[in-house]
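Data block below; observations after.
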Amino acid sequence: MLGIVPRMRGGELLPDRHLGLVPPEEHRRMDAVVRRLGDLLEEHADLPALLEIARSAAPWPAGPPERAAAPAGGSRVRVGVFRDPAFTFYYPENLEALEAAGGELVPVSPLADRVLPEVDLLYLGGGFPETHAPALAANRSMLAAVREAAGRGLPVYAECGGLIYLARSVTWRGRTWDLSGVLDLEITVHSSPRGHGYAEVRVDAKNPFFPPGTRFRGHEFHYSAVTAGADTAVTAYDVRRGVGLGAGRDGVVSGNVLATWIHLHAAGAPAWAPALVETAREASRRRGAAPRAGSNPKT
């Protein structure tokens, strides 16, 4: 035996809440947590033996994908990615895949930023928008910027927490906050999961990114559910496994927006990143000399 870490009291190292532990981005004492974990390992594990085993392991065969060259006759597309304490759930491989497909990642904070930077695509990943709802709702400038950009046709891909941000409102613990209103949806966060586990979907309707017949496998883990709104009428995914929006459907489509409860991993969905980047590229071509989303046209 190399060692065993003793059972800790609930919340001794990292506090928890719905959906699991509080993410490191929201923890104010992560340095202390890391030091404490190091002390525990030093006290209860045979670190020299662990290091020797690690050194004897064969090299990991797969590295990150190479960055793609800029497309002929044009620059790489700019992919705005929501990244701040409200939006923390991104597989690193997904971001690497977007770069490999020709995307330049541009961080966007819906909590702190007042304007949307110039981008060709928005990627709204998972997170905890409900716990940050007061601050997100208070940033009316960013909510309006996202709503305006989507209304002008900016391609937007959103998953789970991103879907919530695009909704008209979110209700949690008896309080309701107005959000971007890109989609005519009202979201309620419940006290128990509304979707949890592996998911499989088949694209069966027109959408901004994927051709009909495309199949994706991923997972979903959300306490939230759509409780009202007209935009559930147009969806792109036939849910073969999982919950999604319910009634066997997921993937809300509105203009160039696709929003889903399902999280995908790029390694299991190799068509995902190229499709997002190509849609952004096509939208940029159609705009021609028009300004990117987030820029201020001259008047």
Side-chain angles (χ1 to χ4, degrees), residues 17-19 23 25-26 80-90 106-117 119 121-191 193-195 208 220-235 244-246 250-263 293-294:
R17 64 184 180 203
H18 71 296
L19 296 176
E25 292 85 351
E26 297 184 56
V81 183
F82 272 21
R83 297 294 298 272
D84 64 15
F87 290 89
T88 58
F89 184 75
Y90 293 91
V106 180
V108 180
S109 171
L111 288 171
D113 293 344
R114 307 302 297 178
V115 298
L116 192 65
V119 294
L121 167 76
L122 265 184
Y123 174 24
L124 282 61
F128 292 92
E130 64 272 25
T131 64
H132 296 272
L136 291 172
N139 191 352
R140 306 305 301 174
S141 176
M142 179 56 77
L143 293 170
V146 172
R147 184 170 59 250
E148 180 183 356
R152 293 203 308 266
L154 177 70
V156 180
Y157 179 85
E159 54 189 16
C160 202
L163 182 154
I164 295 174
Y165 186 88
L166 296 181
R168 192 168 66 237
S169 66
V170 62
T171 299
W172 187 45
R173 295 181 175 177
R175 295 189 61 188
T176 299
W177 291 271
D178 293 333
L179 294 178
S180 70
V182 171
L183 298 175
D184 181 18
L185 302 174
E186 295 178 9
I187 307 291
T188 298
V189 183
H190 299 272
S191 59
R194 289 301 183 265
E220 57 182 330
F221 188 18
H222 51 98
Y223 282 53
S224 309
V226 175
T227 49
D231 276 346
T232 56
V234 181
T235 56
L245 293 164
D250 196 29
V252 175
V253 177
S254 178
N256 272 349
V257 176
L258 175 61
T260 173
W261 287 120
I262 296 173
H263 296 277

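Below, all heavy atoms of this structure are taken into account, side chains as well, without hydrogens, waters or symmetry copies. For this chain, numbers begin at 1 and follow the sequence in order. Predicted model, so just to flag it, every value in this text is computed and none were measured.
Heavy-atom minimum distance, G251 versus L245: N-CD1, 4.3 Å. Of all non-hydrogen atoms in A167 and L185, the two that sit nearest each other are CB-O, 3.4 Å. Nearest heavy-atom pair across L122 and L124 is CB-CD1, 3.8 Å. When every heavy atom of L116 is checked against every heavy atom of A149, the shortest pair comes out as CD2-CB, 3.8 Å. Of all the heavy atoms in A225 and R194, the pair that sits closest is CB-CG, 4.1 Å. Taking both residues in full, the closest heavy atoms of P129 and G161 are given as CG-O, 3.6 Å, listed atom of the first, atom of the second, then distance.
With hydrogens and angles disregarded, a donor-acceptor distance shorter than 3.5 Å links the side chain of R147 to the backbone of S180. Counting only distance, with no hydrogens or angles, the side chain of Y90 and the backbone of G125 share a donor-acceptor pair below 3.5 Å. With hydrogens and angles disregarded, a donor-acceptor distance shorter than 3.5 Å links the side chain of N139 to the backbone of D113. Listed for the N256 side chain is a donor-acceptor partner under 3.5 Å among the backbone atoms of G153. One N or O on the side chain of E220 and one on the backbone of G244 form a donor-acceptor pair closer than 3.5 Å. Side-chain atoms of D231 do not come within 3.5 Å of backbone N or O of V252 as any donor-acceptor pair.
Side-chain polar atoms of Y123 and E159 form a donor-acceptor pair below 3.5 angstrom. S169 and D178 share no side-chain donor-acceptor pair at under 3.5 Å.
Interatomic distance, S109 OG to R83 CZ, rounded to the nearest 0.5 Å: 11.5 Å. Put simply, CG on D250 and OG1 on T235 are 8.0 Å apart, with the number rounded to the nearest 0.5 Å. Rounded to the nearest 0.5 Å, atoms CZ (F221) and SG (C160) are 9.5 Å apart. Note that the CD atom of E186 and the CG atom of L179 stand 11.0 Å from one another [nearest 0.5 Å].
Between F128 and F89, the ring centre distance reaches or exceeds 6.0 Å.
For V106, the side chain to side chain contact (heavy atoms under 4.5 Å, CB included) partners two or more places apart in sequence, or in a different chain, are R78, P117, V119. In terms of the side chain to side chain donor-acceptor pair (under 3.5 Å) criterion, Y165 has no residue partners (sequence neighbours excluded). Partners of T188 according to the side chain to side chain donor-acceptor pair (under 3.5 Å) rule, which considers only residues two or more places apart in sequence or in another chain, are T227.
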For this session: Kindly determine whether D84 and H132 satisfy side chain to side chain contact (heavy atoms under 4.5 Å, CB included), including the steps that lead there.
Result: CA-CA 11 Å; D84 64 15; H132 296 272; over 6 Å; no
Exercise. Do L136 and L111 pass the side chain to side chain contact (heavy atoms under 4.5 Å, CB included) test, and can you show the C-alpha distance, the side-chain angles, and the key distance before you say yes or no?
Worked result: CA-CA 5 Å; L136 291 172; L111 288 171; 3.5 Å; yes
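When side chains are defined from C-beta on, S191 does not count as touching Y223, because their heavy atoms never get closer than 4.5 Å. Side-chain contact between I187 and T171 is absent, with no heavy-atom pair separated by less than 4.5 Å. Side-chain atoms of V170 and T176, non-hydrogen and from C-beta on, never get closer than 4.5 Å to each other. Looking only at side-chain heavy atoms (C-beta outward), W172 and W177 come within less than 4.5 Å of each other. Taking the side chain as every heavy atom from C-beta outward, L166 and V156 approach each other to under 4.5 Å.
Counting non-hydrogen atoms of neighbouring residues, nucleotides and ligands closer than 6.0 angstrom, the CZ atom of R175 reaches no more than 12 such neighbours.
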